[in-house]
Amino acid sequence: MKTLIKLESVSKHFGNFRALSNINLQVDEGEVLSVIGPSGSGKSTMIRCINLLEQYDSSGSIIVDNKLVKKGKALREVRANIGMVFQNFNLFPHMTILDNVTLAPMRTGGLSDADAKKRAHVLLEEVGILDQADKYPDQLSGGQQQRVAIARALAMEPKAMLFDEPTSALDPEMVGEVLHVIKKLADRGVTMIVVTHEMGFARQVSDRVVFMDSGQIVESGTPSEIFDSAKESRTRDFLKSVLSHEAYTNKR
Amino acid sequence: MIYLKLISKFFLMSIVALLSIAQSYGQDSDKQVISVGANIGNVPWEFQDTKGQLIGFEIDLVHKIASQLGKEVDIVNIPFSGLFSAVQSNRIDIAISSITITDERLKSVSFAQPYYDSDQSLTIRSDSSVKTVDDLRGKIVAVDTGSTGDIWTSENQQKYGFKEIRRYEGITPAVLDLEIGRTDGYISDIPAMQYYTKDKPNLEVVERIKTGGSYSMMFSKHNQLAVEVNEVITSLKRAGYINDLHEKWFGIRAEASTSTAKTTAMPGSKEGVVLNFVDTFLNKEVLLTTLPMLMLGLKTTIQLGFISIVLGLILGLALALLRLYAPYVVGFLAKAYIDVFRSIPLLVLLIIIFYALPFVGINLSPFYAAATALVIVSGAYTAEIFRAGIEAIPKGQFEASQALGLSYRHMMLDVVLPQAVKIVIPPLTNNSINVIKDTALASVVAMPDLLKQATQAQAIAANPTPLIAAAGIYLALLLPLVLYVSHLEKKYRLREYA
């Protein structure tokens, strides 16, 4: 298996605060990786370093598809190769759904108007929003908007996808539809890193689960290694508190 | 319609305001202090000596007359072109400033009998090739707004082929531009210029322009005070006092045939009607004759406003982007620019650009000087508006664009600016309204904008109707914009709550 994303000794400071400390992580082509952990543990910061929305400390390095992620001319190409889906969707509110999806392929992918539209139609169909293509984002529900955001990221035909808590801002009844789309992508073999609080999803869909706390990777392993027999007490404590809460809500 | 209601309310308020002016229109000859308006600096008639004391031929005369009437004098400094509306609105009782008696003026104001016979004159730089009015073909001529020189020069512009007439508010700015070389000759009252140039070797009065005309004190129409002053002047002439003043200020006595020595009748209007409120402020005849002048002014105002708004927008956008995204030093310079030019009054900047820059070799015409000042200041304001607009765009929009691999240019053009523009349209429209209003300041650099043309027209007609008309034109120009802003603000507010 080819390594697609590689983080070596990556740290990140915000002033004196150390948000990430010596992160080493490898993601292979086709692998689905879930990142779990308490709020403020550095999960989001880590994946935001991968496409340089955050500049990591110079002591470490991040390689995507054999290219070092750093400021400069090559960065745009690296970014175009990594799709990102945000917690708050971040759709462009002044454009229709269709234009949201066609913008980047036309501007940076060199696609013609017609080709970009063709691709957008396929993707919107895949996420189940094609009938809303001419609407504006604020006319759609949160779940629909997030599915558009996924289609928009896929339109650049990226080599990997980053999901930054894609369901955290959604009303509970819309979480399922978004997770369903992500799962479909996973089944299709799209390489992805998903930062999530949805433990059921992480367990069911991931090839590997990473648990982070205080800016460090505490442990990683297959879903059953983490959820059923975690080695570290920090992991077990975290899972206990999250899962008991989930059990409580499920019973109701 | 709420707009109609607002408009009718506005007109109601205007009428109330005008009526209150009209009320102060009544005359009160019993008061003990006479308020005298004068264009200070008009040598040797009314000016300041080195100690700041007001002196001059007419200052001496008005004090003498007041003391004969048993009254005090209070002198108010008013530009020449403002004296006419000042007497008509009774803000002052008497206007002095070597004012020539004309039939046109007599329709709207009263004069006492004349006490000085004058002509116009041509003043040039001593090193100039211009020696007579005939040499001024194709050249730029300076005059005082609404003065006899202005009237004569306007009437003879075609005959002598003057390229352009620049209008100033008094001797000082007019002479400054003559010295700099912006104008080629200055046509003004001969006694004032002879007196002014006698200790200035770089200036020379080269020609007397025989226009005739005599000076006197000016009053509101049918003011009883005019009759009283006229009687005092008669007695002062008989006593030889006025000719004594002539000798004091001009060094020689006037000939016996001149109005300085000889008593004459009080000049009467051929149309001896008492002007009522409408005839004074909304005079149809004056309006019709001055409308072409006002339209020329409107054209200049719109041209200046349009150019300043468009260039100001471009400059402002560039400054905002530099301030937000340029490397430290450039960003700091952009911020410094914005802060400095938001703090300097536009009028001060305009005067610096027009009167100071020529000394370092930058000599801009009135139009370009005004446009430069307006663009510089408007750019600073629009920069702040754009910055606020861009900063109001959520961070997520930038991150989503970057994550998609959009270039900086496409991020700004496709994502950020289209959203920012919606936010900034109401404040930008407000700024544009201010720019158009501020074009009126350009009249200080002799630019014939709407206000300047109206001032000139009201001085020549001695009637404030052109000023009222100009106010109406500004209103017609700007009220739609003001209403448009309210409409936009309301629309965006509604969308926010939708």
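The analysis underlying the following values was restricted to heavy atoms, covering all of them including side chains, and did not include hydrogens, waters or symmetry mates. Proteins get letters first, then strands, A, B, ... in listed order; numbering begins at 1 in each.
- A distance of 7.5 Å separates OG1 in A:T108 from CG in B:L404, rounded to the nearest 0.5 Å.
- Looking at A:L75, neither its backbone nor its side chain comes within 4.5 Å of chain B, counting heavy atoms on both sides.
- Across all non-hydrogen atoms, the minimal contact from B:Q402 to A:R79 is O-CD, 3.1 Å.
- When all heavy atoms of B:G405 and A:R76 are compared, the pair lying nearest together is O-NE, 3.2 Å.
- Side chain of A:H94 to backbone of B:D414: a donor-acceptor contact under 3.5 angstrom is found.
- In B:Y328, the OH atom is not crowded: 12 or fewer heavy atoms of neighbouring residues, nucleotides or ligands sit closer than 6.0 Å.
- In this structure, chain B has a heavy atom under 4.5 Å from the side chain of A:N51, while its backbone stays farther away.
- B:F332 CZ: 12 or fewer foreign heavy atoms inside a 6.0 Å radius.
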Do any side-chain atoms of residues 54-65 of chain A form donor-acceptor pairs under 3.5 angstrom with protein atoms, and if so which ones, sequence neighbours left out?
| residue | atom | partner | partner atom | Å |
| --- | --- | --- | --- | --- |
| A:E54 | OE2 | A:R48 | NE | 3.2 |
| A:E54 | OE2 | A:R48 | NH2 | 3.0 |
| A:Y56 | OH | A:I62 | N | 3.3 |
| A:Y56 | OH | A:V69 | O | 2.5 |
| A:D57 | OD1 | A:H13 | N | 3.2 |
| A:D57 | OD2 | A:H13 | N | 3.4 |
| A:D57 | OD2 | A:H13 | ND1 | 2.6 |
| A:D65 | OD1 | A:K2 | NZ | 3.1 |
| A:D65 | OD2 | A:K159 | NZ | 3.0 |

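- More than 12 heavy atoms of other residues, nucleotides or ligands shown are found within 6.0 angstrom of CZ on B:F367.
- Listed by sequence position, A:R152, A:A153 are the residues of residues 141-153 of chain A in contact with chain B, using a 4.5 angstrom heavy-atom cutoff.
- Other residues, nucleotides and ligands place no more than 12 heavy atoms under 6.0 Å from the CD atom of A:E125.
- With a 4.5 Å cut-off on side-chain heavy atoms, B:P418 and A:M95 do not count as touching.
- Atom CD of A:E77 has 12 or fewer neighbouring heavy atoms from other residues, nucleotides or ligands inside a 6.0 Å radius.
- The structure places OG of B:S401 at 9.0 Å from CG of A:N90, a figure rounded to the nearest 0.5 Å.
- Interatomic distance, OG of B:S407 versus NZ of A:K73, reported as 12.0 Å (0.5 Å rounding).
- For A:I82, the part sitting under 4.5 Å from any heavy atom of chain B is the backbone (N, CA, C, O) and nothing else.
- Proximity to chain B is limited to the side chain of A:F86, based on heavy atoms less than 4.5 angstrom apart.
- Taking NZ from B:K395 and CG from A:N88, the interatomic distance works out to 11.0 Å, rounded to the nearest 0.5 Å.
- When the shell of 6.0 Å around OH of B:Y368 is examined, it contains 12 or fewer heavy atoms from other residues, nucleotides or ligands.
- Here CE of B:M411 is found 12.0 Å from CG of A:L103. Values are rounded to the nearest 0.5 Å.
- More than 12 non-hydrogen atoms from other residues, nucleotides or ligands lie less than 6.0 angstrom from NZ of A:K184.
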